[in-house]
Amino acid sequence: MIFPDYRPRRLRQNKSFRRMISETRLSIDDLILPLFVIEGKNVKNPIPSMPGHYQLSIDNLVKTVKEASGLGIPAVILFGIPDKKDPLGTGAYAKNGIVQKAVKAVKDRVSDILVITDVCLCGYTDHGHCGMIDKQLVDNDASLDLLARTALSHAKAGADMVAPSDMMDGRVAEIRQILDENNFSNTPIMSYAAKYCSSYYGPFREAAGSSPQFSDRSTYQMDPANSIEAIREASMDIEEGADIIMVKPALSYLDIICRIREEIDLPVAAYNVSGEFSMIKAAAEKGWIDEKKVMMETLLSIKRAGADMILTYFALDAAEELRNK
Ligand code: PBG
Ligand code: ZN
């Protein structure tokens with residue numbers, strides 16, 4: 001096929017042709033909205049680096065989840081901000097912890113939306129690491145039980161799905177086992193399988209107060225240079241019982257999303273992380289880009305790369321756009 005016999009522009013000449021040959025479609029069904037929940041009543045603390053996002057007390061959280069449900073968004077994922085932190089992150093698996101209470105409230109008061117919980121310790125430990133510390137090192141095996149207990153406490157509170165983001169080896173198996181032993185064999189695990197050690201998490205850590213207090217996460221999160229390893233991580237999590245495989249972040253890792261989609265036979269999620277959101281917001285605030293268009297193009301690119309679902313801080317705005325299309 002060579003010019004002038006073939007002219008790709010023939011099929012681009014009007015909207016109807018373009019619609020007909022469009023290969024990728026973004027849908028409200030693809031969106032998962034991340035939300036931050038904090039103790040208190042009627043709290044709505046703006047997160048400066050994430051315009052439009054807040055630390056929400058449970059009453060306000062319920063309102064936002066209702067809004068998401070009204071727009072047809074299928075799921076939210078909750079991140080908790082506890083009042084107190086300690087070395088073992090006990091707030092993460094406390095029966096009356098912030099996420100546990102939030103899940104209960106949302107499940108009681110909002111219908112037609114799934115509540116996913118992020119399973120990790122970093123928001124609850126005083127040192128800010130995703131696992132337990134022993135001699136200044138993150139102790140993998142000692143962390144597994146705490147992570148499993150966290151997941152179980154979320155399931156008991158009514159979570160529809162748990163999403164371990166800690167990157168400890170073996171945690172999916174441990175979580176699957178404890179869920180099964182406690183009659184939660186129907187609770188799926190969305191595993192942050194290929195989670196990279198990324199600087200794009202900066203705004204999130206400010207929002208969740210979960211920055212490591214010494215060193216960084218490079219001994220457990222993946223090296224941004226690696227992609228074969230992402231397949232290995234995903235394969236391990238599948239053998240351990242993961243139901244959905246996540247790649248995170250999304251935009252600098254579209255090649256990883258594409259590869260995982262080709263090589264892995266489970267649904268693939270991509271996390272359009274905080275820094276990716278903030279950069280678009282900041283450029284839009286300066287008037288340098290058209291926010292709505294860049295948002296939609298960005299989400300479409302993640303879908304085109306192969307994601308079946310997208311965790312994104314743009315979920316409400318994107319759903320609004322998709323509804324009015
Ligand atoms: C906790 C967690 C993080 C994110 C999701 N779960 C932060 C981190 O690993 O430091 C990042 C989300 C975002 O940046 O939007 N482990
Ligand atoms: Zn963590």
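Counting starts at 1 for both ligands and their atoms, following the listed order. Model, not experiment: these values are computed from the prediction.
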Verify, without hydrogens or angle tests, whether S210 (side chain) and G128 (backbone) share a donor-acceptor contact under 3.5 angstrom.
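Side chain of S210 to backbone of G128: no pair is present.
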
Check: S198 side chain, Y200 main-chain N or O, donor-acceptor pair, under 3.5 Å:
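Pair found, side chain donor or acceptor close to backbone of Y200.
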
Are C130 and M167 close enough that some pair of their side-chain heavy atoms sits under 4.5 Å apart?
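No, their side chains stay 4.5 Å or more apart.
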
Residue pair M132 / L88, side-chain heavy-atom distance below 4.5 Å:
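Yes - at least one pair of side-chain heavy atoms lies under 4.5 Å apart.
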
Result block: side-chain N/O donor-acceptor pairs under 3.5 angstrom for residues 229-238, not counting sequence neighbours:
unit_1: E229; atom_1: OE1; unit_2: N226; atom_2: ND2; d: 2.6
unit_1: S235; atom_1: OG; unit_2: I231; atom_2: O; d: 2.6
unit_1: D237; atom_1: OD2; unit_2: R171; atom_2: NH1; d: 3.4
unit_1: D237; atom_1: OD2; unit_2: S191; atom_2: OG; d: 2.4

Under 3.5 Å, N/O to N/O: give me all the pairs between ligand 1 and the protein, one per line with atom names and distance.
unit_1: ligand 1; atom_1: 6 (N); unit_2: D118; atom_2: OD1; d: 3.4
unit_1: ligand 1; atom_1: 6 (N); unit_2: K248; atom_2: NZ; d: 3.4
unit_1: ligand 1; atom_1: 9 (O); unit_2: K195; atom_2: NZ; d: 2.6
unit_1: ligand 1; atom_1: 9 (O); unit_2: Q221; atom_2: NE2; d: 2.9
unit_1: ligand 1; atom_1: 10 (O); unit_2: R205; atom_2: NE; d: 2.6
unit_1: ligand 1; atom_1: 10 (O); unit_2: R205; atom_2: NH2; d: 2.8
unit_1: ligand 1; atom_1: 10 (O); unit_2: R217; atom_2: NE; d: 2.9
unit_1: ligand 1; atom_1: 10 (O); unit_2: R217; atom_2: NH2; d: 3.3
unit_1: ligand 1; atom_1: 14 (O); unit_2: S274; atom_2: N; d: 3.3
unit_1: ligand 1; atom_1: 14 (O); unit_2: S274; atom_2: OG; d: 2.7
unit_1: ligand 1; atom_1: 15 (O); unit_2: S274; atom_2: N; d: 2.8
unit_1: ligand 1; atom_1: 15 (O); unit_2: Y313; atom_2: OH; d: 2.6
unit_1: ligand 1; atom_1: 16 (N); unit_2: S165; atom_2: OG; d: 3.1
unit_1: ligand 1; atom_1: 16 (N); unit_2: K195; atom_2: NZ; d: 2.9

Neighbour count above 12 (heavy atom, 6.0 Å) for N183 CG:
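Counting other residues, nucleotides and ligands, CG of N183 stays at 12 neighbours or fewer.
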
Test item: side-chain donor near acceptor, S165 and D118, under 3.5 Å
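Yes, a side-chain donor-acceptor pair sits under 3.5 Å.
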
Indicate whether any N or O donor in one side chain lies under 3.5 Å from an N or O acceptor in the other, for Y93 and H154.
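The answer is no; no qualifying pair exists.
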
Residues clustered with M20, ILVMFWY side-chain links under 4.5 angstrom:
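When side chains under 4.5 Å apart are linked, the cluster holding M20 also contains L11, F17, I21.
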
If only protein N, O or S atoms under 2.8 Å count, total around the Zn ion (ligand 2)
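Those protein atoms number 3 in total.
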
